[in-house]
Amino acid sequence: MDDDETPTGWQEHHAFLLECAEEGEVDTGPPFSTQLLDPLADVERTFAVTGADTPPWPDPHLGPDGQDIPVREEEYSRCLDPGKHRILAARAEAWALVLVAKGWAEREEIADSAALSWLTDPLVTTHRTTVLRPHRPRRAGRRP
């Protein structure tokens, strides 16, 4: 991370865990390696673009004073704003862009999802299907 970049939530969490470990508050070291933090940071930066037009999704269980509000049972069966779930597609798009840019996967847009034999019938209409195919590193002595 460059000095002028704002740390991502993952990087802030990692720094917090490091601080806790240094103070002896946790038994294990940080769970994130550089190999993991770097792609997570790339996804966060990419999501700032892919998710720019998605509405904010504040925590509905966080009160104005910052305290948790208990979840009511009836909340599990309702969705007052289905449009807020567009954020999921924006997050998936950020992951796809990063994985392809790093050369870890190739992307294929499928126009007819019926062509995918492994796809089960969804509960909603499929509007688009993106398949990411991972690249496997070649091992010495093996055929491509």
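Here the structure is a predicted model, which means the values were calculated and not measured. The first residue in the sequence is number 1, and the count goes up from there.
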Practice task
Supply the atom-to-atom distance E109 CD to T130 OG1, rounded to the nearest 0.5 angstrom.
Solution key: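 It is 3.5 Å, given to the nearest 0.5 Å.
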
Practice task
Would you mind reporting whether L132 and L99 have side-chain heavy atoms less than 4.5 Å apart?
Solution key: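 L99 vs L132: side chains touch.
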
Exercise for the section: Evaluate the side-chain proximity of K102 to D42: yes if any heavy-atom separation is below 4.5 Å, no if none is. Expected result: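 D42 reaches K102 side chain to side chain.
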
Handout entry: Partner set under side chain to side chain contact (heavy atoms under 4.5 Å, CB included) for E108, not counting sequence neighbours
Key =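 Partners of E108 by the side chain to side chain contact (heavy atoms under 4.5 Å, CB included) criterion, ordered by chain and then number, come out as I110, R133.
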
Exercise for the section: State which residues pass side chain to side chain contact (heavy atoms under 4.5 Å, CB included) with A90; sequence neighbours excluded, sorted by chain then number. Expected result: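 Applying side chain to side chain contact (heavy atoms under 4.5 Å, CB included) to A90 gives F47, T50, T54.
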
Handout entry: Hphob cluster co-occupancy, L36 + L97, side-chain heavy atoms under 4.5 angstrom
Key =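 Shared cluster, no.
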
Exercise for the section: Report whether V49 and L88 are members of the same hydrophobic cluster (ILVMFWY, side-chain heavy atoms less than 4.5 Å apart, transitive linking). Expected result: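 Unlinked, V49 and L88 end up in two clusters.
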
Looking at every non-hydrogen atom in both residues, tell me the closest pair between [X] and [Y] and how far apart they are.
X: R45; Y: T8; answer: NH1-CG2, 4.4 Å
X: D53; Y: R86; answer: O-NH2, 2.9 Å
X: Q11; Y: A41; answer: NE2-CB, 3.6 Å

Exercise for the section: Applying side chain to side chain donor-acceptor pair (under 3.5 Å), name anything that partners Q67, two or more places apart in sequence or on another chain. Expected result: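 Partners of Q67 under the side chain to side chain donor-acceptor pair (under 3.5 Å) test: none.
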
Problem - Residues in side chain to side chain donor-acceptor pair (under 3.5 Å) contact with H13, at least two apart in sequence or another chain - result: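 H13: no side chain to side chain donor-acceptor pair (under 3.5 Å) contacts found.
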
Exercise for the section: Please list, chain by chain and in numerical order, all residues satisfying ring pair (Phe, Tyr, Trp, His ring centres under 6.0 Å) with W10, sequence neighbours excluded. Expected result: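 W10 satisfies ring pair (Phe, Tyr, Trp, His ring centres under 6.0 Å) with F32 only.
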
Exercise for the section: Scan for salt bridge (Lys or Arg N to Asp or Glu O under 4.0 Å) pairs involving residues 87-100, sequence neighbours excluded, and state none if there are none. Expected result: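 Qualifying pairs, neighbours excluded: E44-R91, E93-R107.
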
